[in-house]
Amino acid sequence: MYHYHPGEIKNPGLEMMIVLVRALIFVCIVIVAGAVGLAAGLPAFVGGTAGGLFIFALFCSRPFLEVTNYKCPDCGNRTRVIKNFGAYRCSNCGQENRI
Ligand SMILES: [Zn+2]
């Protein structure tokens, strides 16, 4: 058995090694925990990641829910509409037009 007593370290290199070993143990615990999580809930992880990336892509996508100015070609009513929404029914004359 190796007995470690605080204050016995005279060599700075040994202290560095202990810090390094602690860091390695911490990294190993994180890796093992991550591996266990992956093995236990792989579908949820993949789904969550894919869903998160999809939402992130939508959020960062400029055309998504971009508001644009719209002028009704029939009555000239101007309004603000969501771009690429598909069709818009004019609130003034009721004429439906594609945006
Ligand atoms: Zn109109």
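Read the numbers this way: they start at 1 and go in the same order the structure lists the ligands and their atoms.
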Query raised in the report: Which pair of non-hydrogen atoms, one from Glu96 and one from Ala87, has the smallest distance, and what is that distance?
Result: OE2-CB, 3.7 Å
Query raised in the report: Where the side chain of Arg89 meets the backbone of Gly94, is there a donor-acceptor pair that is under 3.5 Å apart?
Result: yes
Query raised in the report: Mind checking what makes side chain to side chain donor-acceptor pair (under 3.5 Å) contact with Arg80, not counting sequence neighbours?
Result: Asn69
Query raised in the report: Do Asn97 and Cys90 come close enough that some side-chain heavy atom pair is under 4.5 Å?
Result: no
Report summary line: Under 2.8 Å from the Zn ion (ligand 1), protein N/O/S atoms total 4
Query raised in the report: Would Asn77 and Tyr70 count as a side chain to side chain contact (heavy atoms under 4.5 Å, CB included) if you check the C-alpha gap in whole Å, the side-chain angles of each, and the deciding distance to 0.1 Å?
Result: CA-CA 8 Å; Asn77 183 42; Tyr70 174 77; over 6 Å; no
